[in-house]
Amino acid sequence: MPGSTDSSTKTMGAITVGGLVVVTAYTVALGSNGWLWFGWVVLGLLTLGMVATRSSA
């Protein structure tokens, strides 16, 4: 069904949001770490890719 997301995409989205919370908390507590932010951006792009492929299928 177009526009619907399956459970794996929802799970990936939840992990991405949770990762953002963790990276932000780490940054506030211990200072910025570029590798953590880079990893989160890659995770976010993968999630967007999953959403895009599910939407177009």
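Since this is a predicted model, take the numbers as computed values, not measurements. Just so you know, these numbers use all the heavy atoms, side chains as well, and skip hydrogens, waters and symmetry mates.
The cluster map of Ile, Leu, Val, Met, Phe, Trp and Tyr, joined by side-chain heavy atoms under 4.5 Å apart, puts Leu20 and Leu45 in the same cluster. A chain of hydrophobic side-chain contacts below 4.5 Å, direct or via other Ile, Leu, Val, Met, Phe, Trp or Tyr residues, connects Val42 to Ile15. Both Leu46 and Met50 are members of a single hydrophobic cluster when ILVMFWY side chains are connected at heavy-atom separations under 4.5 Å.
At a cut-off of 3.5 Å, with distance as the only test, no side-chain donor of Thr27 or Ser32 sits close to an acceptor on the other residue.
In the hydrophobic clustering, where aliphatic and aromatic side chains (Ile, Leu, Val, Met, Phe, Trp, Tyr) are joined below 4.5 Å either directly or transitively, Val17 stands alone. Residue Val28 is found outside any hydrophobic cluster, as its side-chain heavy atoms come under 4.5 Å of no other Ile, Leu, Val, Met, Phe, Trp or Tyr.
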side-chain contact (heavy atoms from CB on, under 4.5 Å) assessment of Met12 paired with Val51: CA-CA 9 Å; Met12 189 73 165; Val51 170; over 6 Å; no

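Among Thr9, Thr16, Thr11, the single residue meeting the side chain to side chain donor-acceptor pair (under 3.5 Å) criterion with Thr47 is Thr16.
Ser8 is linked by a side-chain hydrogen bond (donor to acceptor under 3.5 Å, both in side chains) to Asp6, counting only residues two or more places apart in sequence or in another chain.
Every pair passing ring-ring contact (aromatic ring centres under 6.0 Å, His included) that includes a residue from residues 28-52 is listed here, sequence neighbours excluded: Trp35-Phe38. Residue pairs satisfying the ring-ring contact (aromatic ring centres under 6.0 Å, His included) criterion with at least one member in residues 11-30, sequence neighbours excluded, are absent.
Within the model, atoms CG of Leu48 and OG1 of Thr53 stand 10.5 Å from one another, a figure rounded to the nearest 0.5 Å.
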